[in-house]
2 protein chains.
Amino acid sequence: MKEIQHRSDCPIAYSLDYLGDKWIILILRDLIFTSKSSYGDFLSSGEKIATNILADRLKLLEANGFIKSSVSPEKKNKFIYNLTEKSIDLIPLIVELMIWGSKYDSYPIKEAVKKLEKDKEGTIREIREKLLQRLKSDAPAK
Amino acid sequence: MKEIQHRSDCPIAYSLDYLGDKWIILILRDLIFTSKSSYGDFLSSGEKIATNILADRLKLLEANGFIKSSVSPEKKNKFIYNLTEKSIDLIPLIVELMIWGSKYDSYPIKEAVKKLEKDKEGTIREIREKLLQRLKSDAPAK
DNA sequence: AAATTTGCTTGCCATTTGCAAGTAAACAAA
DNA sequence: TTTGTTTACTTGCAAATGGCAAGCAAATTT
């Protein structure tokens, strides 16, 4: 796996060097906001990611410390992907993507987004705590 | 200019359909946080964007309402690009990119980011108001 | 033993990127 | 007035990436 080359010393560019792409954040979205956690789960998401792209991004995410994979306890041919502190710290960013998107998308506003906008800090903290505890307790999703 | 196709009805994916790329947000960063406002200004940024990519992204940004171009009053062969409400609304998102980046980049933390983290809401409002006023007064940068 | 589930890999073609060079209009200097 | 410079692109080309379909392999179920 080739190292990511950073283009400058700007922290915004630094983040984009990892996240500036149409797919990576969608995988993290699934891990943060849904109970999805496996290759097949991600494949089934509405955006229809291609199998080779998904495999590539999972490799990249793991190599860079955003996720950690483990064999499913029930099925040995199934892998479970979990978040790390590094990716849990991306919740505020992804929440802002959601807020901006739902403001400019003509699509009907989702209830979840309304709640979120009413108490952004609180909702973020809530999600964050849940995911951090899951991390510590070593009892990841499914 | 071809229309952007949205991949799903998810607001996060909606945002990424416009912003999911390594360059677009860097142009907006320059417009939001620095006094850069022209093709040549953006070219000179630390990340060394290629000329064809820059031209392409400026076209895309304008076609989608993120920036508005006008001829420079002093020099008729110079174009000035300005933010719109749509892109000013991206400040919180870009601020989160900065915060996350400066947390995980080993590079020395910038003073500006420290200030920002102490009073995120206030700093965002401050920048936002400045840019909105510039928009209204129709007296854009340089 | 055969079919299915799960997680990939491979091949192929189209699109995008990145670099270098070229073009063109406005402007400035000689 | 001619010549060079600034500014903003465009073009050509090779390399990398993306997207689709098919193939493969280990584990599990039937």
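The nearest whole Å value for the distance from the NZ atom in A:K36 to the C1' atom in C:dG7 is 16 Å. One atom, CD1 of B:I80, and another, P of D:dT7, lie 11 Å apart when rounded to the nearest Å. When the P atom of D:dG18 is taken as reference, atom NZ of A:K59 falls 13 Å away, rounded to whole Å. Straight-line distance from the CG atom of B:D41 to the C1' atom of D:dC9: 15 Å, rounded to whole Å. Across the protein-nucleic acid pair, A:F79 atom CZ and D:dA25 atom P stand 16 Å apart, rounded to whole Å. Summarising the geometry, the separation between CZ on A:F42 and C1' on C:dC8 is reported as 14 Å, rounded to the nearest angstrom. For B:Q5 and D:dG18, the CD to P distance is 19 Å, given to the nearest whole Å. Spacing between atom CD of B:E74 and atom C1' of D:dT7 amounts to 14 Å, rounded to whole angstrom units.
Heavy-atom minimum distance, A:N64 versus A:K86: O-NZ, 2.7 Å. The heavy-atom pair separating A:L16 from B:D21 by the smallest distance is CD2-O, 4.3 Å.
Phosphate proximity of D:dT10 to B:Y39: absent, as no side-chain N or O sits under 4.0 Å from OP1 or OP2.
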If you write DNA chain C from 5' to 3' in dot-bracket form, with Watson-Crick or G-U pairs under 3.5 Å, [ ] for crossing pairs and | for pairs with another strand, what do you get? ||||||||||||||||||||||||||||||
So if I define the base as every atom that isn't primed, P, OP1 or OP2, how would nucleotides 16-26 of chain C read as a B/S/- string at a heavy-atom cutoff under 4.0 Å? SSBBBB---BB
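By the side chain to side chain contact (heavy atoms under 4.5 Å, CB included) test, A:D30 pairs with A:T34, A:K36, A:F42, A:S45, sequence neighbours left out. Residues forming a side chain to side chain donor-acceptor pair (under 3.5 Å) with B:K59 (at least two apart in sequence, or on another chain): none. Listed by chain and number, the residues in a side chain to side chain contact (heavy atoms under 4.5 Å, CB included) with A:S102 are A:V113, B:P11 (sequence neighbours excluded).
Atom CD1 in B:I124 sits 6.5 Å away from atom CD in B:E96 (nearest 0.5 Å).
Sparse packing is recorded around NZ of A:K68, with 12 or fewer heavy atoms of other residues, nucleotides or ligands lying under 6.0 Å away. Atom CD of B:E129 is surrounded by more than 12 heavy atoms from other residues, nucleotides or ligands within 6.0 Å.
Residue pairs that meet the ring-ring contact (aromatic ring centres under 6.0 Å, His included) test with at least one member in residues 110-138 of chain B, sequence neighbours left out, do not exist here.
Picking from C:dT6, C:dT9, D:dA8 the nucleotide with the shortest atom distance to the side chain of A:K78 gives C:dT6.
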